[in-house]
Visitor: 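Sharing a structure with you now.
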Amino acid sequence: MENFTPISAALGGAMIGLSAVWLMASAGRIAGISGILGGALKAPKTDKLWRWTFLLGLGLGPLLVGLFKPSTLQVSFPTTGPLLIVAAVLVGIGTQLGNGCTSGHGVCGNARLSIRSLIATLTFMVTGVLTVFILRLAGGL
Amino acid sequence: MKLPLSTFISGLLFGGGLTVSQMVKPSKVISFLDITGNWDPSLAFVMGGALVVTFIGYRLVLKGETPLFEDRFRLPTRKDIDAPLIAGAALFGIGWGLAGLCPGPALASVSFAGTNALIFTATMILTIMAYRLMRARS
């Protein structure tokens, strides 16, 4: 557990929470990234601009943090190549089929005490842990 | 222009939060899911911090009649547990575990994380578009 960073984790989490609360207060929307993205790609034209400006902010937020702490932008990808593409397809299909991801179900849904979100969160946590366990057994980590 | 500007600020906060918490680092996410290996429980604190703020904030905000710049709150109403919910969450979890990326961090990292982030995010977007196209036709 030498990489344990509870303070920055909780601080970043609180920022994500503030983002979700502000989106609800200003736009009346759930801050679910897969839902916002899905709608941005295929929604009535009148319902698109707020989605794209949210996504623009999402892309610029890290750069703003990186100005103060460049090390936060140094990332590495344990998985590359064909497996990375398979993963992206699963994330794409899974979030649309299950109507949400870590943000929509994990944060917003659970904060609303939604039973669907609780079941979804437990499910993706379990399959995520199992997947990493199998990857480790297979020598992929 | 108030609505798109306010959602831009929300996006900035979200992307900033993912970065401060290091959720944009796939290796960190995989370490969180790696409970039998060199486990790093940090991301539980991301979820915890986000949940506490959202739980309290939603209760205050939803006391109001309408949001500031829209005519109504749009909240999910479904309560049924159906097969697509479970299957979708299960598939998402497998992809999340494989790559260490979920949609938020993927989109947030295209601006700085190089080719792998671009490959993942482009594939994810194309998959979502294909899925929505097929569903619209059926």
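Because the structure is predicted, anything quoted here is derived from the model rather than measured. Protein chains get the first letters and strands the later ones, always in sequence-line order, with residue 1 at the start of each.
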Visitor: Does the separation of the ring centres of F45(B) and F4(A) fall below 6.0 angstrom?
Guide: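 They qualify: ring centres under 6.0 Å apart.
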Visitor: Between V52(B) and chain A, with a heavy-atom cut-off of 4.5 Å, which part of the residue counts as in contact: side chain, backbone, both or neither?
Guide: neither
Visitor: Just by distance, do the side chain of K28(B) and the backbone of N3(A) share a donor-acceptor pair under 3.5 Å?
Guide: yes
Visitor: Sort A122(B) into side chain, backbone, both or neither according to what part of it lies under 4.5 angstrom from a heavy atom of chain A.
Guide: neither
Visitor: Hey, could you give me the OG1/CG distance between T131(A) and D34(B), rounded to the nearest 0.5 Å?
Guide: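 With rounding to 0.5 Å, OG1 (T131(A)) is 12.0 Å from CG (D34(B)).
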Visitor: Can you tell which of V61(B), L107(B), L12(B) has the highest number of heavy-atom pairs within less than 4.5 Å of chain A?
Guide: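 Option with the greatest count: L12(B).
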Visitor: Measuring heavy-atom distances to chain A, does L60(B) have an atom under 4.5 Å in its side chain, in its backbone, in both, or in neither?
Guide: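 It is neither, since no heavy atom gets under 4.5 Å.
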Visitor: Between T127(A) and A90(B) (side chain of the first, backbone of the second, donor and acceptor by atom type, cut-off under 3.5 Å), is there such a pair?
Guide: yes
Visitor: Tell me, side chain or backbone of V53(B) under 4.5 Å from chain A's heavy atoms, or both, or neither?
Guide: both
Visitor: Non-hydrogen atoms of chain B under 4.5 Å away: do they reach the side chain of I119(A), the backbone, both or neither?
Guide: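 Answer is side chain: those atoms of I119(A) sit under 4.5 Å from chain B.
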Visitor: Sort I94(B) into side chain, backbone, both or neither according to what part of it lies under 4.5 angstrom from a heavy atom of chain A.
Guide: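 It is both, since atoms from each part get that close.
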Visitor: Under the rule for side chain to side chain donor-acceptor pair (under 3.5 Å), what residues qualify as partners of R116(A), not counting sequence neighbours?
Guide: D82(B)
Visitor: Chain A heavy atoms under 4.5 Å from D80(B): which part of the residue, side chain, backbone, both or neither?
Guide: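 Contact with chain A involves both backbone and side-chain atoms of D80(B).
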Visitor: Is the backbone of F73(B) close enough, under 3.5 Å, to the side chain of R29(A) for a donor and an acceptor to pair up by distance?
Guide: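 No; judged by distance alone, with no hydrogens or angles, the pair does not exist.
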Visitor: For T127(B), is it the side chain, the backbone, both, or neither that has a heavy atom closer than 4.5 Å to a heavy atom of chain A?
Guide: side chain
Visitor: By a 4.5 Å heavy-atom criterion (distance strictly below it), what part of R59(B) contacts chain A: side chain, backbone, both, or neither?
Guide: side chain
Visitor: Say whether, by atom type as modelled, one donor and one acceptor occur between the side chain of S21(B) and the main chain of G12(A) under 3.5 angstrom.
Guide: no
Visitor: With only heavy atoms counted, which part of L37(A) is less than 4.5 Å from chain B, the side chain, the backbone, both or neither?
Guide: side chain
Visitor: Side chain, backbone, both or neither: which part of R74(B) has an atom under 4.5 Å from a heavy atom of chain A?
Guide: both
Visitor: F112(B): what forms a ring pair (Phe, Tyr, Trp, His ring centres under 6.0 Å) with it, not counting sequence neighbours?
Guide: none
Visitor: Using atom types as modelled and distance alone, determine if a side-chain donor or acceptor of S42(B) lies under 3.5 Å from a backbone N or O of A9(A).
Guide: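 Checked: no pair found.
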Visitor: We want to know whether T19(B) and T72(A) form a side-chain donor-acceptor pair, criterion being a heavy-atom distance below 3.5 angstrom.
Guide: no
Visitor: Please classify the contact between L63(A) and chain B as side chain, backbone, both or neither, with a heavy-atom cut-off of under 4.5 Å.
Guide: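 Side chain only.
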Visitor: What part of Y131(B) gets closer than 4.5 Å to chain A, counting heavy atoms only: side chain, backbone, both or neither?
Guide: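 For Y131(B), the contact with chain A is made by the side chain alone.
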Visitor: What part of P105(B) lies closer than 4.5 angstrom to a heavy atom of chain A: side chain, backbone, both or neither?
Guide: neither
Visitor: Is it the side chain or the backbone of I125(B) that comes within 4.5 Å of chain A heavy atoms, both, or neither?
Guide: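 For I125(B), heavy atoms of backbone and side chain both lie under 4.5 Å from chain A.
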Visitor: Step by step, would you call V91(A) with L101(B) a side chain to side chain contact (heavy atoms under 4.5 Å, CB included)?
Guide: CA-CA 9 Å; V91(A) 168; L101(B) 279 169; over 6 Å; no
